[in-house]
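Since the structure comes first, as structure tokens, the remarks are kept for the end.
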Amino acid sequence: MPKVMDYMISPYPIRIIDPKVESSKLRLKSIQIGQAGHLPGRTLFRSNVVFGHWALVYIGSGNGTYTENNGKTQQVRGGSLFFFRPGCTYSFGPPPGGSWDEYYINFSGTRVAEWLEAGLIAGGAVFQNNNNAVQGLSALFEQVLELMDGGAPADADRAALVLESMLLECSPIIRDNQRTWQTSLMPQIREDLNSCIYGTLDLSEIAAKHHISMSTLRRLVRRSSGYPLHEYVHRLRMAEAKHLLLNTSLQVKEISGLLHYSDSFYFSRLFKKYMGVSPLICRNNL
């Protein structure tokens, strides 16, 4: 397996394996491994980097930090796992004068959506392999590197299967940490939903923005508010409608249109359902 020297990255030889097989030659079409590498003694810190693919990163030893989308800076130490998500901005690496031992695997394909839905992958958080709960991660990364370096289509397929096996082994760690991470998303999700009160609502865009599935978005809103997602959105708009009724001279039909209800009668039924009184009674009695 070839090793190269790049003193900007590490004082030790590094290995970077690019795909050697054209995708049409692979039998596994749903998941493909891109570049994979091992950077022992990495010293390079990168700032505001955007990737066009998913990647799994494992830090075998050393320490440093990881930040996604200029959010909270998270500490990384030996045994840490984290992911890069396409389209997000990352700053990561060891501190000045420090280093870490890094393995990484880039991957893409339709199966990624299944892994995301199943909680096998997740961005935005550092997952710690506490007490070495998952054994032999370095060996599994080495196995992927060897398979990818061979250049045989069957070996590239086997490398993808090893990656999936690795994610399954790590899933308890990712799942436990993901619950905390997803809960921390709710303030941003609520802000996004509130911003749609007067605009067109595309829930799939909100889910995609936070790199979660629609079912996860529904689950987070239900867990946080106690209401199903669409009911929660209706309640946000009805609360705003009440504010407009009490503080403006706008007619019910005008308010209905502002809040993107084309049928004012439907709007009035929803308002009564959630507020307990009709829009006119709300205005006249308060």
Side-chain angles (χ1 to χ4, degrees), residues 9 34-35 37 39 42 44-59 62-77 79-96 98 100 102-109 112-129 167 170-171 173-197 199-221 223-225 229 233:
I9 298 175
Q35 192 181 81
L39 312 178
R42 176 188 179 129
L44 176 67
F45 186 95
R46 299 192 69 185
S47 298
N48 299 318
V49 183
V50 179
F51 296 103
H53 46 67
W54 277 88
L56 168 64
V57 182
Y58 172 60
I59 307 304
N63 64 86
T65 57
Y66 162 95
T67 305
E68 182 185 85
N69 289 336
N70 298 312
K72 179 183 177 182
T73 297
Q74 300 179 62
Q75 297 301 309
V76 176
R77 63 180 189 273
S80 294
L81 294 164
F82 53 83
F83 293 89
F84 296 136
R85 300 187 284 187
C88 294
T89 302
Y90 293 95
S91 297
F92 64 99
W100 70 27
E102 173 186 322
Y103 285 96
Y104 69 89
I105 300 172
N106 301 342
F107 55 90
S108 61
V112 171
E114 296 180 32
W115 289 352
L116 189 60
E117 180 70 24
L120 298 184
I121 58 177
V126 174
F127 307 104
Q128 188 65 41
N129 185 19
L167 293 172
C170 295
S171 62
I173 299 169
I174 295 170
R175 183 181 60 247
D176 291 344
N177 285 269
Q178 192 178 21
R179 291 194 185 102
T180 301
W181 168 71
Q182 288 181 345
T183 300
S184 71
L185 281 181
M186 272 312 301
Q188 302 169 52
I189 290 173
R190 279 193 290 268
E191 183 177 338
D192 288 339
L193 292 172
N194 273 293
S195 70
C196 294
I197 288 176
T200 55
L201 181 64
D202 190 330
L203 295 173
S204 62
E205 283 188 7
I206 293 176
K209 174 183 175 181
H210 297 288
H211 297 275
I212 58 177
S213 65
M214 278 299 302
S215 62
T216 298
L217 178 62
R218 293 188 187 98
R219 183 169 62 251
L220 290 175
V221 172
R223 185 188 301 162
S224 174
S225 69
L229 177 56
V233 172

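Both backbone and side-chain heavy atoms feed into the values below; hydrogens, waters and symmetry mates do not.
We find the CD-CD1 distance between E114 and I121 to be 10.5 Å, quoted to the nearest 0.5 Å. In this structure, CG on N70 lies 10.0 Å from OG on S47, to the nearest 0.5 angstrom. Note that OG1 of T65 and NZ of K72 are 13.0 Å apart. Values are rounded to the nearest 0.5 Å. The distance from the CZ atom of R190 to the OG atom of S195 is 13.5 Å, given to the nearest 0.5 Å. Here the CD1-CG distance, from I174 to N129, works out to 10.5 Å after rounding to the nearest 0.5 Å. Remark: L203 CG to R218 CZ distance equals 8.0 Å, nearest 0.5 Å.
E102 places no side-chain N or O within 3.5 Å of a backbone atom of G37 that could act as its donor or acceptor partner. With hydrogens and angles disregarded, no donor-acceptor distance shorter than 3.5 Å links the side chain of S224 to the backbone of L220.
Applying the side-chain hydrogen bond (donor to acceptor under 3.5 Å, both in side chains) test to W115 and every residue at least two apart in sequence or in another chain returns E164.
Considering all non-hydrogen atoms of both residues, Q74 and G124 come closest at NE2-O, 2.8 Å.
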Pair up each side-chain donor or acceptor in residues 86-96 with any protein partner under 3.5 Å, not counting sequence neighbours, and list the distances.
unit_1 : atom_1 : unit_2 : atom_2 : d
Y90    : OH     : E68    : OE2    : 2.6
Y90    : OH     : R85    : N      : 2.7
S91    : OG     : N48    : N      : 3.0

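For the pair T216/L116, no side-chain contact is recorded, criterion being any heavy-atom separation below 4.5 Å from C-beta on. The shortest side-chain heavy-atom distance between L39 and L44 does not fall under the 4.5 Å cut-off. Contact annotation: the side chain of L56 approaches that of L81 to within less than 4.5 Å [non-hydrogen atoms, C-beta and beyond]. Between E205 and D192 the shortest side-chain heavy-atom distance does not fall below 4.5 Å.
Among F127, W100, F82, the single residue meeting the ring pair (Phe, Tyr, Trp, His ring centres under 6.0 Å) criterion with Y66 is F82. With F84 as the fixed residue, the ring pair (Phe, Tyr, Trp, His ring centres under 6.0 Å) test singles out one of W54, F51, F107, Y104: F51.
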*Could you walk me through whether V221 and V233 pass side-chain contact (heavy atoms from CB on, under 4.5 Å), step by step?*
CA-CA 10 Å; V221 172; V233 172; over 6 Å; no
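Side-chain contact, S80 with R77: no donor N or O sits under 3.5 Å from an acceptor N or O.
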